[in-house]
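Structure, as structure tokens:
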Amino acid sequence: ISIVGSIGTATSYRYLTLTNNSAYRMQIKVHTHSDWDFIVFTDDQGNTGNRITITLSPNSTYRLRVHGY
């Protein structure tokens, strides 16, 4: 395993954009595998953690930041 950066600080991140193109409200639950404690999610509302529940209204977009420590 190769780690770039310091343990305990954000080393890398990517954005995941979810778009609901349907006419229905959607609920999406995002979580990491139980032994992947180094992956954390942060959403546009400032919620952070290993489990986030997202509710998307029809024709809406949600942006989630996925980062590792």
I need the Leu64 CG to Tyr15 OH distance, nearest 0.5 Å.
10.0 Å
Which residues pass the side-chain contact (heavy atoms from CB on, under 4.5 Å) test with Asn47, sequence neighbours left out?
Asp43, Gln45
Thr17: what forms a side-chain hydrogen bond (donor to acceptor under 3.5 Å, both in side chains) with it, not counting sequence neighbours?
none
Can you sort out the partners of Tyr24 under ring pair (Phe, Tyr, Trp, His ring centres under 6.0 Å), two or more places apart, ordered by chain and number?
none
Indicate every side-chain donor-acceptor pair of residues 53-61 with a distance under 3.5 Å to a residue at least two apart or in another chain.
residue, atom, partner, partner atom, Å
Ser60, OG, Ser57, N, 3.1
Ser60, OG, Ser57, O, 2.6
Thr61, OG1, Thr19, OG1, 3.4

Is the shortest heavy-atom distance from the side chain of Tyr62 to the side chain of Val30 under 4.5 Å?
no
Please walk me through it: do Thr42 and His67 pass side chain to side chain contact (heavy atoms under 4.5 Å, CB included)?
CA-CA 8 Å; Thr42 304; His67 44 102; 2.8 Å; yes
Just how far is it from atom CG of Leu18 to atom CZ of Arg63, taken to the nearest 0.5 Å?
12.0 Å
